[in-house]
Amino acid sequence: MLGLGVSNRPLVRLLLEFGCRVSGGDRTPREKLDGEVLELEKLGCQLFLGDTFYEEMSAEIAFRTPGMHPDSPAVTALRKKGAKITSEMEVFFEVCPCRIIAVTGSDGKTTTTTLISEMLKAAGKTVWLGGNIGVPLLPLTRKMSETDVAVVELSSFQLIDMTHSPSVAVITNLAPNHLDVHKDMDEYVWAKKNIYRFQDDKGVLIVNGDNAITKELRGTGTTKTFSRVGAGTAQLENGTICRNGQKVLETKDILIPGVHNIENYMAAMLAVEGMVPDEVIRHVATTFGGVEHRIELVRIKDGVRFYNDSIASSPSRTIAGLRSFSEKVILIAGGYDKHIPYDVLGPEICAHVKKLFLGGATGPLIRAAVEAAEGEKPEIVDCGDFTAAVLAAAGAAQPGDVVLMSPASAAFDQFKNFMVRGEYYKKLVMEL
């Protein structure tokens with residue numbers, strides 16, 4: 001096991017249960033290991049720790065953790081020693097007994113994946129939700145039946161060396177992201193294409209017809225498109241989402257805000273076509289309140305609405321968040337630098353933001369993008385770190401304002417992940 005993070009731990013238990021000899025490698029030193037990893041050691045998993053843990057390891061099969069590039073030193077070392085490299089998700093696709101619907105994209109994949117799951121469950125299906133969200137699915141395959149449906153979110157890190165594709169594949173959109181890990185944009189897009197690359201002629205590919213990259217993609221089987229501004233298998237007509245020319249859902253009935261969520265609903269309803277009645281889709285639209293950390297209303301205090309959009313780790317996702325509000329907002333942005341361009345964010349901030357509070361390594365990059373853009377510039381305040389930015393934004397807010405934490409950056413400069421950042425933001429807001 002190359003990496004002993006959350007996704008690999010249930011797999012270690014499963015393999016030990018089946019009598020396999022399991023080694024676990026991780027860069028974390030022993031003194032910083034949490035109790036669960038030490039428990040795995042007691043169960044029989046041999047640990048190799050530290051920056052060069054892989055030098056002493058050997059195996060017949062090596063499971064790569066999603067965040068580890070296939071060309072990383074650890075993977076390369078095990079491959080040279082004769083190990084077959086695989087992953088939890090790759091093996092899941094090999095042994096899963098039921099239909100798989102998978103979703104990827106630069107933005108919107110978690111909400112779309114969750115919508116598909118909610119629609120199927122509301123239609124009476126037994127659904128297994130996982131992949132890049134939820135729990136690892138491989139250990140659960142023994143409980144699955146042929147009539148169930150597995151709905152999985154897949155990241156580019158999971159897809160990059162996949163050799164299996166789902167029967168239904170959804171790509172919400174593609175934009176520069178994770179270029180701190182991927183060699184370049186070409187590798188990022190190539191990895192995403194694995195979601196449909198291995199489909200047969202019965203496979204279904206669903207793509208965003210409004211996105212410059214995805215609109216050109218075509219699958220081996222059936223390719224369906226969705227579009228807010230043009231024609232598609234699902235398209236928007238006078239405030240109503242139509243599928244194959246038939247009215248399905250009025251956008252005013254969608255509970256979660258933002259035009260990007262109209263796209264998410266279009267993608268989801270195409271994915272469940274033939275499995276979920278239209279009245280069930282409409283019921284989900286009027287009752288589904290969204291996924292945590294995605295334009296989540298945290299609190300209304302003294303007439304100020306505070307929103308948590310910590311999932312926004314790229315400019316395109318922050319742009320979608322900004323466009324969800326009719327008024328100009330107070331924006332908190334900045335964080336870890338993934339080496340992606342910020343020029344597209346500048347004009348959007350000028351159009352949708354009245355005060356901008358910056359922190360983290362990308363703060364100067366976002367400032368430069370705003371200053372280079374045309375249009376009226378918001379007031380910009382450089383705060384240094386996240387806490388200072390949140391408190392300064394809250395202090396500047398007046399009744400009627402919207403304070404939106406949508407960083408356009410990853411959280412790794414100060415937090416373990418975007419979820420920890422979102423929880424910390426909510427804590428700060430609730431303490432105001």
Side-chain angles (χ1 to χ4, degrees), residues 1-59 61-69 72-75 77-78 83 85-92 110 128-141 152-155 157-158 178 180-181 291-293 308 310-311 313 335-336 338 360 385-387 410-428:
M1 310 303 297
L2 300 177
L4 290 170
V6 174
S7 63
N8 272 349
R9 295 177 189 182
L11 185 55
V12 172
R13 294 179 184 273
L14 180 68
L15 295 171
L16 289 171
E17 180 185 335
F18 275 91
C20 298
R21 289 184 291 110
V22 183
S23 299
D26 200 281
R27 289 187 175 87
T28 306
R30 177 171 288 275
E31 61 269 19
K32 293 186 178 181
L33 291 176
D34 60 42
E36 185 178 4
V37 176
L38 296 175
E39 182 183 348
L40 294 177
E41 184 179 35
K42 291 179 181 178
L43 292 174
C45 178
Q46 184 179 9
L47 299 185
F48 293 83
L49 306 172
D51 289 337
T52 58
F53 68 85
Y54 49 86
E55 292 181 354
E56 302 299 322
M57 294 184 77
S58 62
I61 300 173
F63 283 82
R64 176 185 66 85
T65 197
M68 189 176 290
H69 195 282
S72 68
V75 176
L78 269 292
I85 307 300
T86 188
S87 65
E88 182 261 340
M89 189 51 58
E90 178 80 4
V91 177
F92 170 73
T110 298
W128 302 88
L129 177 67
N132 198 44
I133 58 175
V135 298
L137 291 175
L138 180 56
L140 301 176
T141 51
V152 299
E153 176 187 316
L154 296 176
S155 69
F157 305 143
Q158 290 168 309
H178 301 303
D180 57 327
V181 176
V291 182
E292 188 179 19
H293 307 302
N308 166 30
S310 186
I311 186 62
S313 61
Y336 175 81
K338 294 193 290 183
D385 75 346
F386 183 80
T387 304
F412 306 131
D413 58 335
Q414 296 183 57
F415 305 97
K416 182 178 179 180
N417 53 46
F418 76 87
M419 295 174 285
V420 175
R421 175 172 63 189
E423 292 296 338
Y424 180 66
Y425 171 75
K426 292 194 285 185
K427 177 177 180 291
L428 290 176

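Along the sequence shown, residues are numbered consecutively beginning with 1.
Looking only at side-chain heavy atoms (C-beta outward), Thr28 and Val37 stay at 4.5 Å or farther from each other. For the pair Thr52/Arg27, no side-chain contact is recorded, criterion being any heavy-atom separation below 4.5 Å from C-beta on. Using a 4.5 Å cut-off on side-chain heavy atoms (C-beta onward), Thr141 and Phe92 make contact. Looking only at side-chain heavy atoms (C-beta outward), Asn132 and Phe157 stay at 4.5 Å or farther from each other. Side-chain atoms of Pro29 and Leu49, non-hydrogen and from C-beta on, never get closer than 4.5 Å to each other. With contacts defined as side-chain heavy-atom distances shorter than 4.5 Å, the pair Met1/Val22 qualifies. No side-chain heavy atom of Val152 sits less than 4.5 Å from a side-chain heavy atom of Leu129.
Remark: side-chain polar atoms of Ser155 are paired, donor with acceptor, to backbone N or O of Gln158 under 3.5 angstrom. Proximity of a side-chain donor or acceptor of Ser87 to a complementary backbone N or O of Glu90 within less than 3.5 Å is detected. Judged by distance alone, the side chain of Asp413 and the main-chain N or O of Gly360 form no donor-acceptor pair under 3.5 Å. Using modelled atom types, no side-chain atom of Arg13 and backbone atom of Leu15 make a donor-acceptor pair closer than 3.5 Å.
For the atom pair CD1 of Ile61 and CG of Leu78, the computed distance is 12.0 Å after rounding to the nearest 0.5 Å. Atom CG in Leu11 sits 5.5 Å away from atom CG in Leu138 (nearest 0.5 Å). Taken from CD in Gln46 to CD in Glu56, the straight-line distance is 10.0 Å, to the nearest 0.5 Å. Note that CG of Leu47 is 8.0 Å distant from CG of Leu40, once rounded to the nearest 0.5 Å. Expressed to the nearest 0.5 Å, how far CG of Leu33 lies from CG of Asp26 amounts to 7.0 Å. To the nearest 0.5 Å, the span separating CG on Leu43 from CD on Glu17 amounts to 11.0 Å.
Among all heavy-atom pairs drawn from Leu137 and Gly131, the shortest one is CD1-N, 4.1 Å. Ala77 and Tyr54 get closest at one heavy-atom pair: CB-CD1, 3.7 Å. For the residue pair Pro10 and Pro136, the shortest heavy atom distance occurs at CG-CG, 3.7 Å.
A donor and an acceptor atom, one from each side chain of Tyr424 and Thr387, are located under 3.5 Å apart. If you check the side chains of Arg421 and Ser310, you find a donor sitting under 3.5 Å from an acceptor.
Aromatic pair Phe386/Phe415: ring centres closer than 6.0 Å. Residues Phe48 and Phe53 place their aromatic rings such that the two centres sit no closer than 6.0 Å.
Applying the side chain to side chain donor-acceptor pair (under 3.5 Å) test between Asn308 and each of His293, Glu292, Lys426 identifies His293 as the sole match.
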Given side-chain contact (heavy atoms from CB on, under 4.5 Å), test His69 with Val75 step by step and report yes or no.
CA-CA 8 Å; His69 195 282; Val75 176; over 6 Å; no
For a salt bridge (Lys or Arg N to Asp or Glu O under 4.0 Å) check, start with the C-alpha distance between Asp34 and Arg9, then their side-chain angles and the critical distance, and finish with the verdict.
CA-CA 12 Å; Asp34 60 42; Arg9 295 177 189 182; 2.9 Å; yes
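Here Lys416 does not pair with Glu423 in a salt bridge; the nearest charged N to carboxylate O distance is not below 4.0 Å.
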